[in-house]
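As C-alpha cells, the structure follows; a few thoughts come after it.
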Number of protein chains: 2
Amino acid sequence: MIDVRLITLRVFSQCGTIGATAELTGYSPSAVSAQLRELQKALGMQLLTKDGRGVRLTATGRFLVAGSDSLIAEWERLRAAALEAGDQVQPHFGIGGFSTAAAQLLAPLAATLRSARPQLEVQVLEADPARCFDLLVAERIDLAVIVAMQADPHREDDPRFEQRVLLDDPLDVIIPADHPLASHEAVTLDELAAEPWITEAAGSTYHALFTAAFTAVGVTPRIAHEAVEWETLIAFVGAGLGVGLLPRLAPLNGAENVVRLRLTGDGRPSRRIIAAVRRGSITSPLIQESLGILQATAHQILTARLEEDA
Amino acid sequence: MIDVRLITLRVFSQCGTIGATAELTGYSPSAVSAQLRELQKALGMQLLTKDGRGVRLTATGRFLVAGSDSLIAEWERLRAAALEAGDQVQPHFGIGGFSTAAAQLLAPLAATLRSARPQLEVQVLEADPARCFDLLVAERIDLAVIVAMQADPHREDDPRFEQRVLLDDPLDVIIPADHPLASHEAVTLDELAAEPWITEAAGSTYHALFTAAFTAVGVTPRIAHEAVEWETLIAFVGAGLGVGLLPRLAPLNGAENVVRLRLTGDGRPSRRIIAAVRRGSITSPLIQESLGILQATAHQILTARLEEDA
DNA sequence: ATCGATCATGCAGCTATTTTGCATGGTTAT
DNA sequence: ATAACCATGCAAAATAGCTGCATGATCGAT
C-alpha cells in the first residue's frame, strides 16, 4: 500500500546500485532508474546524486529512507490488524530461506499452508540470509527462515524487522570412518586441534563461526581445504582429506566413509535458526499460523534429537 | 506516497457513494469502482458491501480507514521533515477556500507564492468548507482556508487535520439607508428584534450561526426572506425588504441604499476563519510559509479595522 | 595509456494496466 | 408504475510503465 517507488528506494539504500536493486525487485535497471527519477519529481526532492560510475543517496534520501522504516512498520501493523479483525487472509504469501533451513523447515511449512489454504498462493524462494532480508525489504517475501551465527552482529534491533528464534542448531564434527576417534560418542575441539580442517571459504558466515569456536578454546586450527557446499565438505572428509564441522540439520545423505560425532566441552559452536518478518506484520494471521507451524516443526526436530541421543 | 486506492477508499468513507468519490477525486465512477475492487483483491479483504442501491464499508473497511489516519499523518510528517531537512520544495501546491475567505486571504497568498517561487505550480480551488476537508482528504489540495461557525461541532480533534486560527470575523448588521437606526454607530440585536430579517436558507452554516446569536440574547427573529449569496442579501436590504447580517470581510461593493453597522452587546455573532491542513504536514516548509503569509494578511486586516473603528 | 568491465541513463517500442463511456440491473422515492 | 439514482460490467481507448539496446561515463587492470 506504500508506493512502489518508495519501496524501490529502500531496496536501493541497501544494495547501493541500480542494477542490484533491479535484480532484487524483479525490474530492469532502466525501470528502477525511471522509478527513482519519478519519485524525486513527485516529491520535489533530490534523493540521489552521482558518485563515480554509480549513484548514492543524498542526505535527504537517507533521511527519507530512515524515516520510512516506521511508516512501513505502521502499515504492516495496520494490515495485520485489519486482516485479523476481519478474519480474512491475504491472497499471496512469499517465504524465503536458506538451503538446509529451507529443506527442513520451509518445505513442511509450504506444504502445510498449501493444504490448509488451497486459495492461498504460496511462493518459496531459496536465498541466503542476507538476501532474505533484502527480499523482505523489497516485499518479495513476507517471512524468512534464516540462520544467524551466534557471534553475528545482532540484527534484532533493526527497526525494519522482527525476529523469533526457532531453534539452535549445534555443529557436529564429521571425521573419516577410519579415524581413531571415529568410535567415540563425542569429542572436544581440543582433541581435534591437530587435524587438518576443511572449512568454508574465508569470508563466509560459517567461516566466522568456525574461527570463533576455535578462538574460544584457544587453539588455532590448520585449514587444509575449503568447500562451498556441505556435499563437497562431506566428500572431502570421506576421502580422508581432513575433518570438518557440519550443522546437525544438514543431512549426511548416507555418505560413506564418514562419521558424525557430537561435540562436547566449552565453546561448542552452534548456529541459530530464526524466523524474520517485516516489523509490524508479526500479528498477521498468516504469519502467526506460519510461526506456529515452524515452531511445531522445530519442536519435532528437537524431540527427535533427544530420542536419538538417548 | 500512499497508494492511490487507499486514498480513494478514504474519500469514499467520507462521502459514502462511488459517484461522489469519483467527483471528488476526479475519476469516473467506473474507475473508482474498479480501484476499490482492485484494492480488495490486493489486500485480500472485503471492504465494501452492497447496501440498497449503494455500497457501504464493512467493519473491516471502517477499521482500515480509521487506522489509515495515523498512517497518512505519519507520511505527511515524514515528507515535511524531509523537505525541511533537504531545504527542498514540492513542485505542486493546492489551496482551497470559500468565497470571501478566498478573495481576501487566498488570492494574496497565491499571488505571493507565485512571485516568491516561480517554479512552484500553485492551484487554487474555490470550495465550501465541507468540500475543502474532502479535498484535503482526497489530496487535491494541501491547505484550506475555511470559515468555522463559533457554534460548530469542533473538528479540531479530527485525527486527519490540523488547524490554525487566522482571525475572527464578526458579523455586522446591514440595514436600509433610510432606516431610523442608520445613523447609529452601533446597534444591539435587541434593538433589531422586531425587524423583518433576511437570512440564508435554513440548513446552511450561516443560518445556524444566525439562530444561535438570537437565542443567546433570548429573542426570536422574524425571518422574512432567504438569500443564498451575499449580493442577493444586500440587494434585498437595499430594496427595504428587511435587515440582515453580513460578515465584516464580505464587502458591500458600493451597494446603494444600505448601511453597515457594528453590533454591540452580548452574543455578538462572529465566524472564525481558520487554516486547515492534513495532519503531519504542518511543518512542511511551504505550509509554514503559507501560514506566515496568511497570518500577515489577517493581521493587516485586523489593523485596518482598528484604524477604521478609531 | 589502453582496454575491458561496470554502472547508470535515455530512447524507441511494446505491454499491461487503467480509464472512460455506455449499457445494465437493482433499489428507492414519487 | 414510473422516474431517478446508484453501482457495476464490458469493450474500446488512453496512458502509464517496462524492456532491451545503445550510449556515456568511470574505474581497475594490464
Side-chain angles (χ1 to χ4, degrees), chain A residues 1-58 60-62 65 91-92 121 131 134 138-140, chain B residues 1-58 60-62 65 91-92 121 134 138-140 203:
Chain A
M1 209 42 36
I2 308 293
D3 196 301
V4 210
R5 290 116 96 220
L6 186 59
I7 305 296
T8 304
L9 183 74
R10 288 169 57 80
V11 175
F12 173 83
S13 94
Q14 273 194 30
C15 49
T17 81
I18 301 281
T21 308
E23 195 278 328
L24 263 167
T25 54
Y27 291 115
S28 69
S30 329
V32 172
S33 182
Q35 275 191 13
L36 294 180
R37 185 149 24 98
E38 268 305 302
L39 181 65
Q40 296 183 86
K41 206 176 70 182
L43 293 179
M45 305 178 196
Q46 193 180 343
L47 303 171
L48 300 172
T49 195
K50 281 187 194 169
D51 181 35
R53 58 185 159 184
V55 289
R56 68 178 154 77
L57 288 178
T58 62
T60 310
R62 281 192 301 274
V65 169
H92 181 88
E121 182 190 334
R131 187 178 162 84
D134 291 348
E139 307 205 342
R140 294 275 302 274
Chain B
M1 210 40 38
I2 309 292
D3 196 300
V4 207
R5 292 115 95 219
L6 186 58
I7 305 295
T8 304
L9 183 74
R10 288 168 57 81
V11 175
F12 173 83
S13 93
Q14 272 193 36
C15 48
T17 81
I18 301 281
T21 306
E23 195 278 328
L24 263 167
T25 52
Y27 291 115
S28 69
S30 327
V32 172
S33 182
Q35 275 192 14
L36 295 179
R37 184 148 24 100
E38 268 305 302
L39 181 65
Q40 297 183 83
K41 206 176 70 182
L43 293 178
M45 306 178 196
Q46 193 180 347
L47 303 170
L48 300 172
T49 195
K50 282 186 194 170
D51 180 35
R53 59 183 159 184
V55 290
R56 68 178 155 78
L57 288 177
T58 62
T60 309
R62 281 192 301 275
V65 169
H92 181 88
E121 184 190 334
D134 291 348
E139 307 205 341
R140 294 277 300 277

Query raised in the report: Through what angle, rounded to 10 degrees, does the axis of the helix from C/dA1-D/dT30 to C/dT30-D/dA1 turn between its ends, using five pairs per end?
Result: 30°
Are any protein N/O atoms closer than 3.5 Å to N/O atoms in nucleotides 5-13 of chain D? If there are, list each pair with its distance.
from: D/dA7; atom 1: OP1; to: B/Ile18; atom 2: N; distance (Å): 2.8
from: D/dA7; atom 1: OP2; to: B/Ile18; atom 2: N; distance (Å): 3.1
from: D/dA7; atom 1: OP2; to: B/Gly19; atom 2: N; distance (Å): 3.0
from: D/dT8; atom 1: OP2; to: B/Ser33; atom 2: OG; distance (Å): 2.9
from: D/dG9; atom 1: OP2; to: B/Arg37; atom 2: NE; distance (Å): 3.3
from: D/dG9; atom 1: OP2; to: B/Arg37; atom 2: NH2; distance (Å): 3.4
from: D/dG9; atom 1: O6; to: B/Ser30; atom 2: OG; distance (Å): 3.0

Query raised in the report: Taking side chain as C-beta onward, heavy atoms only, is B/Leu36 less than 4.5 Å from B/Ile18?
Result: yes
Query raised in the report: Between A/Thr8 and A/Val4, is there a donor-acceptor pair closer than 3.5 Å when you use the side chain of the first and the backbone of the second?
Result: yes
Report summary line: From CD of A/Glu23 across to C1' of D/dT19 the rounded distance in Å is 16 Å
Query - B/Glu139/B/Arg10 salt bridge by N-O under 4.0 Å criterion - result: no
Query - Minimum side-chain heavy-atom gap A/Leu39-B/Met1 below 4.5 Å - result: yes
Query raised in the report: For B/Gln35 and C/dT17, is the shortest distance between a side-chain N/O and OP1 or OP2 below 4.0 Å?
Result: no
Query raised in the report: Is the side chain of A/Glu121 donor-acceptor paired with the backbone N or O of A/His92 at a distance under 3.5 Å, no angle test?
Result: no
Query raised in the report: Would you say B/Val65 and B/Leu47 make side-chain contact, with heavy atoms under 4.5 Å?
Result: no
Query raised in the report: Between atom OH in B/Tyr27 and atom C1' in C/dG21, what is the gap in whole Å?
Result: 17 Å
Query raised in the report: Do A/Arg131 and A/Leu24 have side-chain heavy atoms sitting under 4.5 Å apart?
Result: yes
